[in-house]
Amino acid sequence: MIILFISRIFYTMTFVPFMYNDITSQIIGFSVTTALECLMVIPVIILYKKHPDKNICQVAYEKSKIFGILVCIAFAFAAILVLNRLFRYFGYFMFVNFPDLLPPWIVVSAIALVSFYAAFQGIEAIARSSAIGFGFFVLSFVIVLVVILPKTSYSNVIYTYPQIDDISHEVYYELSKSSELFLFPILYPYAKEKAGKSIYGAIALKLIFVYVITCICMLTLGSYLNISKFPFFDLGSYAETFLIERLDAFLLPAWILLAFIKAALFMFIGKIALSTGFKNIKSNVFLGIIGVISTGFSIVSVWKQNWNVNTFDIFIITVLIFALGVILPLIYCFGKGDKNETK
């Protein structure tokens, strides 16, 4: 549950309102998205009950070798797209907030190397890093929250009648960031608890933090949200204590940890997918291929300061989320389960 939450919360920390400071449409959009996610993961939970010891790539490969290989390639391709989006976004974050620290492409390269090493060590190393990242994130979040609460004001928020277009846009954009939905079919054999408990626990935890981060940003920053690039990070500049003048630098390690864990997790997923379809090749070879491709394209984009993730990229990722995280598990839900099913 923690590893899935940590992977998702990176994008939550980059919350930016769709238009104006309308809390009504934002909250409704988040709620609708969460309800859809709860429905979308049902096929994965059923698949887990049928094949508790096999991920979806293994199930597909056993049913049809050719189609199974295509499924494995599709998962690896999706992982590369998510990694490219993640590295570019993190490079943009460093470029905006710390322009004089290091060139963004060096920071992206460093994050990619550390993530590669964690993925090389396996899911246990990523899980341990997630526990550390979760603890540090919660600590920094609570400190900023306690310090910033006295500065919140309801006058900063606009309450309007929710518009369908605004809500639908918010739902679409939030779903495009829910790439963890196609992590579930790969990761559930590694779960130490039942798949349903892990998945719904991660979704519930995400929703709680989404509500809190959204409301705090709106109540504190007001109209500044319309020009802020990273509102949650900007809260740190408003939060002052008698020991630390600004807490935004305190949030930086948490942001780095979240980016590193998410990158390591998707590198690992890509490796597992390709090694399932191409059993004669060592899995770490695929890890190197995924790392080089995703990092290489990202470094070029960061070098050219091409930060934008265009609408076509968002559309492709959303399609892959539905195809790999919902439709594919739904297809195999109707197959026979494993004979040795024990869970």
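For the residue pair Y173/T33, the side-chain donor-acceptor check at 3.5 Å is not satisfied. Defined by atom type and a distance below 3.5 Å, a donor-acceptor pair is present between the side-chain atoms of S298 and N84.
Counting heavy atoms from C-beta outward, Y188 and L47 have side chains that approach closer than 4.5 Å. Inter-residue side-chain proximity for L257 and I6 is flagged as unmet; no heavy-atom pair is nearer than 4.5 Å. Taking the side chain as every heavy atom from C-beta outward, S109 and I299 approach each other to under 4.5 Å. Inter-residue side-chain proximity for F116 and T295 is flagged as unmet; no heavy-atom pair is nearer than 4.5 Å. For the pair R88/P104, no side-chain contact is recorded, criterion being any heavy-atom separation below 4.5 Å from C-beta on. At a threshold of 4.5 Å between non-hydrogen side-chain atoms, the residues I216 and V144 do not count as touching. Contact of the I45 side chain with the F184 side chain is not registered, since no non-hydrogen atoms from C-beta on lie closer than 4.5 Å. L86 has its side chain out of reach of F266: every pair of non-hydrogen atoms, C-beta onward, lies at least 4.5 Å apart.
The structure places CG of L265 at 9.0 Å from OG of S179, a figure rounded to the nearest 0.5 Å. The structure places CD1 of I327 at 10.5 Å from CG of L320, a figure rounded to the nearest 0.5 Å. Here the CG atom belonging to L81 is positioned 12.0 Å from the CD1 atom belonging to I314, to the nearest 0.5 angstrom. Expressed to the nearest 0.5 Å, how far OH of Y117 lies from CG of L113 amounts to 12.5 Å. To the nearest 0.5 Å, atoms OH (Y92) and OG (S301) are separated by 14.5 Å. Once rounded to the nearest 0.5 Å, the distance linking CD1 of I203 with CG of L181 reads 6.5 Å.
V292 is not connected to F286 by any chain of hydrophobic side-chain contacts under 4.5 Å among Ile, Leu, Val, Met, Phe, Trp and Tyr, and they are in different clusters. Follow the hydrophobic side-chain contacts under 4.5 Å out from L139 and you reach L205 in the same cluster. Note: the hydrophobic cluster containing I281 also contains I293 (ILVMFWY, side chain heavy atoms under 4.5 Å, direct or indirect links). Using a 4.5 Å cut-off between side-chain heavy atoms of Ile, Leu, Val, Met, Phe, Trp and Tyr, with links allowed through other members, I290 and L70 fall into different hydrophobic clusters. A continuous path of hydrophobic side-chain contacts links V285 to I73 [ILVMFWY only; heavy atoms under 4.5 Å].
Residue-environment remark: CZ (F297) stays at or below the threshold of 12 foreign heavy atoms within 6.0 Å. The 12-atom threshold is exceeded at CG of L39, counting heavy atoms of other residues, nucleotides or ligands nearer than 6.0 Å. Atom CZ of F120 has 12 or fewer heavy atoms from other residues, nucleotides or ligands within 6.0 Å. For Y172, the OH atom is densely surrounded, since the number of other residues' heavy atoms within 6.0 Å is greater than 12. More than 12 heavy-atom neighbours from other residues, nucleotides or ligands sit within 6.0 angstrom of OH on Y211.
Nearest heavy-atom pair, P329 versus L324, reported as atom, atom and distance to 0.1 Å: CD-O, 3.4 Å. A pairwise comparison of heavy atoms in C72 and C57 identifies SG-CB, 3.7 Å as the closest pair.
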Give the intermediate values and the outcome of side-chain contact (heavy atoms from CB on, under 4.5 Å) for residues R85 and K177. CA-CA 10 Å; R85 184 181 184 183; K177 296 188 291 185; 3.7 Å; yes
Any chance you could lay out the side-chain contact (heavy atoms from CB on, under 4.5 Å) test for K271 and I289, step after step, and finish with the verdict? CA-CA 9 Å; K271 178 185 78 170; I289 293 173; over 6 Å; no
Go through the steps to decide whether L83 and F87 satisfy the test side-chain contact (heavy atoms from CB on, under 4.5 Å), and finish with yes or no. CA-CA 6 Å; L83 286 166; F87 289 145; 4.3 Å; yes
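For the side chain to side chain contact (heavy atoms under 4.5 Å, CB included) criterion with I272, the lone passing option out of I123, L187, N55 is N55.
A donor-acceptor contact shorter than 3.5 Å is absent between the side chain of N284 and the backbone of L287. In this structure, the side chain of Y200 engages the main chain of C38 through a donor-acceptor pair within 3.5 Å. Checked by atom type and distance alone, the side chain of E174 never pairs as donor or acceptor with a backbone atom of V171 at under 3.5 Å. At least one donor-acceptor pair under 3.5 Å links the side chain of S140 to the backbone N or O of F137.
Proximity of the aromatic rings of F5 and F134 is defined here by a centroid distance below 6.0 angstrom, and this criterion is met. Aromatic ring centroids of F182 and F322 lie 6.0 Å or more apart. In this structure, F278 has its ring center at least 6.0 angstrom away from the ring center of Y61.
Electrostatic pairing of E180 and K262 counts as a salt bridge here, judged by a charged N lying under 4.0 Å from a carboxylate O.
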